[in-house]
Amino acid sequence: MKKEEYTQRFAFTVNLKVREKIRKLATVNECTLGFIVNKALYEWNKCTDEEKKAKMYANFENTLDEYSMVYVNVYLTEMEKYEIQEEAERFGLSKQRLIRHVVYSYLREQEEKTEEKAEEQEKVEEYDGYDLLNQYYDYLDGLKQLSDDIRAEDEKMEEEDKNCEILNIENDAIYEQMFDRLQRFNEKLLKLAKDTEKIIKGYNPLLDKDREE
Amino acid sequence: MLSESDKKRIDDFVIKAYDFYFFIKDNTELFVDSFEKINNNSKNMDDVELHSKLFNLWQDFNEKLLKETTEADGNFRWYYNALSREEDEARRKKD
């Protein structure tokens, strides 16, 4: 029997509640159910913190049925079986019982981590909502400021232009100045537009998510 | 000396520089007005709707701004290069 088939059988034979937890975790992590079981056992084996192991055992709830253990056992490699056997003896438990509580504790731990992550994500998104409004206002202030600057320059230019007309002289220097001002204005605007484009790209996925919800 | 096509391009540039200025001036005013109008009506919208409207307005305006300023930047660079070419040419002739 292939590993995938064992995995599938395992999924059908475990208690419904646990099966759902394993399935959920496997979906979130985009992996197979068997991988989750193996990962749980691997984590248990490599854990050297006795206190943590004792806590994991204390959290154990007997929700996997006996029959499913046959498939878990088949699924494990010889080395893993040996390691589990050793661990079980150390804790004075049956191998099956050890496997059950290891898998269950792992699932519980992962569930807690997922909940914590979701809470953190929610906080970040709330902050981003307010942050976005601040960015709009910064952008508007920047634009208004630049716009006022150029308008003031323009009025000054018009005045100088009028004086030249009155005196009936051509003043190329005025046009040179106008271009210099326009170029400086453009540089500032270009920087503002480029910086804003980066910000907008960063917000797009967040807002799409908001709209979907 | 600048070629005839360069001179023509400088004349075009002068028009473009003014067009650019008026584009920014008009659109900035329009953008600011639209932004304030949406914001003033925000009581009738939920947060998602308000954010979407402001964001779309911002994104559209910034796209236009980026396009116009990038194009103007290229024109300004060309203009100043053309001017310095002309000055170099004049200096060479004088020497």
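A note on names: the letters A, B, ... follow the listed sequences, proteins ahead of strands, and every chain is numbered from 1. Quick caveat: nothing in here was measured; it's all calculated off a predicted structure.
- The heavy-atom pair separating Asn186(A) from Ala72(B) by the smallest distance is OD1-CB, 3.6 Å.
- Using a 4.5 Å heavy-atom cutoff, the side chains of Leu190(A) and Leu65(B) are not in contact.
- Rounded to the nearest 0.5 Å, atoms NZ (Lys194(A)) and OG1 (Thr69(B)) are 8.0 Å apart.
- Note that CG of Leu189(A) and CG of Asp73(B) are 11.0 Å apart. Values are rounded to the nearest 0.5 Å.
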